[in-house]
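Only one structure is covered here, and it is reproduced in the block below.
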Amino acid sequence: MSTSGSANVVVIGGGHNGLVCATLLARAGRQVTLLERRGFLGGLAAGEEFHPGFRSAGVHLDTAFFRPALAAELDLEHHGLRWREREAAVYAPDLAGGDPVVLYPDDVEATAGGLQTHSDSDGSAYRSWCSDVGRLGGFLRGVLDAPPPDVDSRTLGALWELGKKGLALRRLGQRDMAELLRVGPMCVADWLNERFATDRLKVLLAVSAITSAWTGPWSAGTALPLLVAQATRSRSVQGGPAALVDALTAAARAAGVTLRTDCEVQRLLIEDGVVKGVRLQDGEELEAGHVASSCDPKQLLLDLVSPRDLPPVLVRRGLAWRNRGTTAVVHLALDGPLHFTGCEKAVPDGLVERAILGTDIDSLERAFDPVKYGELPDRPCLEVSVPSVSSQGIAPMAPKGQHVVTIQAHFVPYGLAGGWNEDRRQELRECVLKTLACYAPDAPGRVLAAQVLTPYDLEQRYRLSGGHLQHGEHTLDQFLHLRPNPECARYATPLKGLWMCGSGSHPGGGVTGMPGALGARSML
Amino acid sequence: MAQTWDAIIVGGGHNGLVCAAYLAKAGRKVLVLERRHVLGGAAVSEEVHPGFTFSVCSYVVSLLRPWIIRDLQLSRFGLELIPLECSFLPLPDGRSLARWDDAERTRREIAGFSQRDSEVYPEFGQAMAQMARVVKPLIDAPAPKPGSLHPRDLAELLKLGKHIGGVSAEHRLLLSKMMTMSAADFLDEWFESDVLKAPMSVSGIIGTFQGVRSPGTAYVLLHHYMGEIDGAFRSWGFSKGGTGQISNAIAAAARHYGAEIRTEAAIDHVMVSGGRATGVVLEDGTELRAKTVVSSVDPNRTFLKMVGKQHLPDDFVTQIGRYKLRGSSGKVNLAVDRLPSFSSRPGLGGHLRGDIAICPSVEYLERAYDQAKYGEFSSRPYLNVVVPSVVDPSVAPPGQHVISCFVQYAPYNLKTGPESWPEHREAFGDAVVDTLAEYVPDLKESILHRQVLTPWDLEQEFGLTEGNIFHGELSLEQLAFQRPAPGWAHYKTPLNALWMCGSGTHPGGGIMGACGALAARAMLTGRHV
Amino acid sequence: MPLPSPFHQRTSELCTSLLWKEWAGYYAVCSYGMSHEPEYHAVRQSAGMLDVSPLYKFDVIGPDATEFLAFVSARNVGKLKLGQVGYGCWCDEHGKVLDDGTVTRWGEQAYRVTSADPSYAWFSRHSRGFDVQVKDVSSDVAALALQGPRARQILEDVCDGGDVGDLRFFYGTHSKIAGVRVDVTRTGYTGDLGYELWMPAQEALKVWDAVMEAGKPHAMLPLGLDALDVCRVEAGFILLGVDYFSARRCMTDVQKSTPYELGLGWTVHTKRGPFLGRDALRREKSTGSVWALVGLVVDWDELEGLYNSFGLPPQLSSHAWRTAVPVYDQGSQVGQATSGGWSPILKKNLALASVHAAHAVPGKRLQIEVTVEFQRRKVSATVTETPFFNPDRKRA
């Protein structure tokens, strides 16, 4: 790429992946313009004021998957990024007011110790599970942090890469390899039932397997997402996703990226299979030799490119892409802390930062069942975060003594039978608050304001097809070289100059930065 | 002086008999021991009501390997297969869809629901035929051994890789989707009409404890396209005289080659001495000695009941303990005094000479599954109904008929415990009859006899642990080189001189015969018998 | 089980031979009498009338109709004038032929497409992003082909309006027959002067009766598929499922064909905006095709000599054949003849063949396999341009 007019790079979408991609390209000397539809950067990771004096920390709250090596490469610490000293403990309160089950993501021993009170065997079971997962994790990280294998190519290089993967798998040892192949396609319920007795421990672990999934814990293939989550979790960012976005934005500016907000791309300009630039909603046309899209694949393939310009196979792939959103997000402004019953002893100050509300694996499955019929669950599984707890004293998100609670509610169907409207949104709000009240009886009375984002709202607000937070379901058939499809899996697309760098590409959704980084690397 | 055999086969089901026939054909001295008074295991015909012969459990045949039919000359020993003419789906609103051998007729039937689907249907069939071609070597050969560095295994793996590599990229993508997706999602990519998706997706869940929306169920769709009868793709068939006739033919072949077969010979346990299996002890105390013991019963029963943990490595016992069986289906057989007449297509017709699916929508199937997940049988279950007496008059008195209903879901593990099934048996039978009567109005008046088999009955009567008709779920982690346990997918077991040849081994359940044949082949080529 | 066509009541009365076959799900007459020869001669000397209702018919309507059809066809349909008919094929994205047929522009935004295979799913799949409606009217529209030198006169006698007599080759007009609105196009599958009549299925019999009546003084006969088959070989027209296979139904790439390989290169316009298969077709146009479709004329004297050597006179069926036989060049196979037959009017033994492109040189002598008394032999055949039979009246 030269730096003359048509050699510019346009990055579509100012979420964390777009920012990572743009920054890496700019640092390599490219002229990069990043276009964000909304008035500010960050996408799903952006913090926003949703009630006077109350700011959310973003929709994607878990920053523990952002790769430290990438943060180092981008000098994010230089741009203000701080890692947390201690990870937030995750509580599973008891409906009956008993002791919560507590998971300390960064402390196996503390977790195992705490489990003793719930089960004789789960403490040691947890230790051995963690060590098993840890062994498999090394291999998985290697797979996830590299571009997906090129299985269709017969070139020596591709075969060499594939061979290396095979050898790495082989190096796991016969037993671990067998275990990986056995567990990978399993359902998470079976896997956890094999290992643990405590119901709420299983809930705490299973949730990461079914977040935004169109599958319940009894569906095959759900063990793998849990394995992946365990393998790639590290430290969280101090101040949450909003702070990460600030650092990424500063890094992008420093690298010379032109950041343009309030710029909605209407269509890609393509001539004879070659990308020439983009046309904005207001009619402005930007010339570019390369366009990197961090939008979801469906939007890119079906909306931003005319079917006349796209090989029909990609239209088919776009249509086949599965991104049925199942998570709703509710931001609450609370006039005091969130108290869970039974947690008084474990958390004397009452400031729980993360909690997962579900009684057992079957309760998750029952929360999932109605999604298949386009219905709301009676009792959704709630992933509750109180980001204002850790932001106190740093960058307050709420007036003193008051709190911001962000709830991810599973499972709420994008395709609600009869469609979404204000009534149904209110119904969802009540359903979430009622469920919350089962564990935190005084919470509904403390709610000053609630912002309810149904999957449909998420689609409209964030231009997220299907309202799917990960740009596409994390299933085996949308994994590795199949993400988002074999033609585009290595970030390049069959259209010359068009690249993908969003969560719809390997290794997928969540705040990891990897699709953006791997996309930029393959462009370079 | 006690007699000694080269091999004692535990269980006289079709796989045990196939294995025995192959071993006997190779000159080995073989004894088959069957617990019941009839041979065939789950592939059995019995006169349950005077004049009416039921294919009690398994009721249609598709995957019986043609090479086994040829090798064992089964047609000479009485095997006759009659192809199914049609797949019929009656709907509660009085409409119906029948899919025929006649492509144009099928196209017109489907076009009544969706014109687009009517044209995509043959394209789908063609893609599936290609897929079946790709997969076929996998079910006709022992499971691959990934991770093994033995030159022979590497060569096998390479051959397989080459075979897969010779497949077009598009077809490889299709294959990976089939291996990982749910049947419903997979079909969503092709079709828009529920009346097509429901009966097609359902083949992905037969005998499994999964719903059509559970990932990993898509590949079973292929079985429909692999059903070979004499080499013809895509045909399912009845066995004349019921599926027991298949077992009888195989038994006749085995006897012809010199195998001895004893019924009502229940085995108490496998004798182990010096770290080897040395024979079996019958329930009546009789000891029978053999150089090898080959078990065609499911892995759970084989290892945990007949052999015993104490003779096996702990790891292996854990693995077998984790092996999922979870039966999910039952069977209701009806003797009726008249032809079942469907309100959507009254009277006799080609639609009765095929298989009839009661599953009006994907949602219907999913709701049936949801109930089962929490330990109840489906109040409106999926039924796969056949009326074999329409093509084979030998199974019922003239003018009267046999209706066989395969029923899903009927979870072995009821909320109230599996042993409570006998209390729920009749309610379960009622649910089935009520469901079918919605489509066949005068069904209830026509019933002369009703046989209800719950998963509990399948376990107690037929020795299928947890009533699983496939000797273990056909889920991805229990297939190929992991069936029944990683490292033990090649018919050999950790106990010397003990082998497996049942559906709990690769390539799995269904009346295929491949498990028995491949096991015999493995034993013979390794000179283990 | 085939269905009766809208003309079945009439055709079944006339079909005394009871020789029927299935065509696209309908009963179709092979020949009305035990021999199809009178019907053949009617087409070449007076006129024949064929029920072509089983053809698939689609209406493509909407603001983007032109753009859409141009996108799915290898032919630049955008160039069709009002009332003009274009013959062409449509390809998959790899430039392999799916089907061939005609496109008639009946209005600024309204087209009628005919095809041999059901194509609704394919059309609607690719209509994403176009403001267009595709409607399958196959069973609503009945169709007759009136073919032969007297066809024009018969139509002039029976048609009410539409200036049918002045209708140019591959154009269409609206007219009325027996009070029924009929679309008339000057098209056909016989390579002769001829027309096709399109009408509402429920009024089809009125039109049949009127045209039959008008045809009587001109010695017109109802025409079956056997005679048509001889005509189409003489005209050098390819047939889907015989001379080539739809890429949709092919299991391997080798089984597929491109327009250039089928002699349809003249219908392909690559110098225009994106259309399905364009890049592959452009490549093929510049690098050349692997296969070519050619006409073969079998050497009569050699054939006669071959039969003589068995002590037999030449024995040729009057039916066209469609079982492929190998074609050789000096002993090595260079292709296959896919259909052919004896041309009564040319007195020649003809074949249509796909051969390696290098052999598609008019005048080149190849050999075709002939089986005499169960023994396979080879007889010379000369590569010839098609149509074999091309009377001036076809276009005049």
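Per chain, numbering begins at 1; letters A, B, ... match sequence-line order.
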Structural part of [X] lying under 4.5 Å from a heavy atom of chain A:
X        : result
B/Glu189 : side chain
B/Gln478 : neither
B/Pro486 : side chain
B/Glu363 : both

Could you check which of [options] has the highest count of heavy-atom pairs closer than 4.5 Å to chain A?
options                      : result
B/Lys177, B/Lys324, B/Gln210 : B/Lys324
B/Met179, B/Met178, B/Arg213 : B/Arg213
B/Asp185, B/Leu173, B/Asp315 : B/Asp185

Selection from [options] maximising heavy-atom pairs under 4.5 Å formed with chain B:
options                                : answer
A/Arg175, A/Arg182, A/Met186, A/Glu179 : A/Arg182
A/Phe479, A/Trp218, A/Trp214           : A/Trp214
A/Asp362, A/Val183, A/Thr475, A/Thr222 : A/Asp362

Which atoms of [X] come close to chain B, meaning under 4.5 Å heavy atom to heavy atom: side chain ones, backbone ones, both, or neither?
X        : value
A/Asp190 : side chain
A/Arg316 : side chain
A/Thr215 : side chain

With no hydrogens and no angle check, do the side chains of [X] and [Y] hold a donor and an acceptor under 3.5 Å apart?
X        : Y        : result
B/Ser379 : B/Gln371 : yes
A/Gln299 : A/Ser465 : no
B/Tyr369 : A/Asp369 : no

Please step through ring-ring contact (aromatic ring centres under 6.0 Å, His included) for the pair B/Trp190 and B/Tyr121, ending with a clear verdict. CA-CA 8 Å; B/Trp190 293 79; B/Tyr121 187 72; over 10 Å; no
Do the ring planes of B/Tyr409 and B/Phe209 sit parallel (below 30°), tilted (30 to 60°) or perpendicular (above 60°)? tilted
Relative to each other, are the rings of A/Trp129 and A/Trp191 parallel, tilted or perpendicular (30° and 60° limits)? tilted
Within 45° cone and under 6.0 Å: A/Arg366 NZ/CZ vs B/Tyr374 ring: yes
Within 45° of the six-membered ring axis of A/Tyr373 and under 6.0 Å from that ring's centre, is NZ or CZ of B/Arg367 located there? yes
Do any N or O atoms from the side chain of B/Ser328 and from the backbone of B/Thr208 form a donor-acceptor pair under 3.5 angstrom? yes
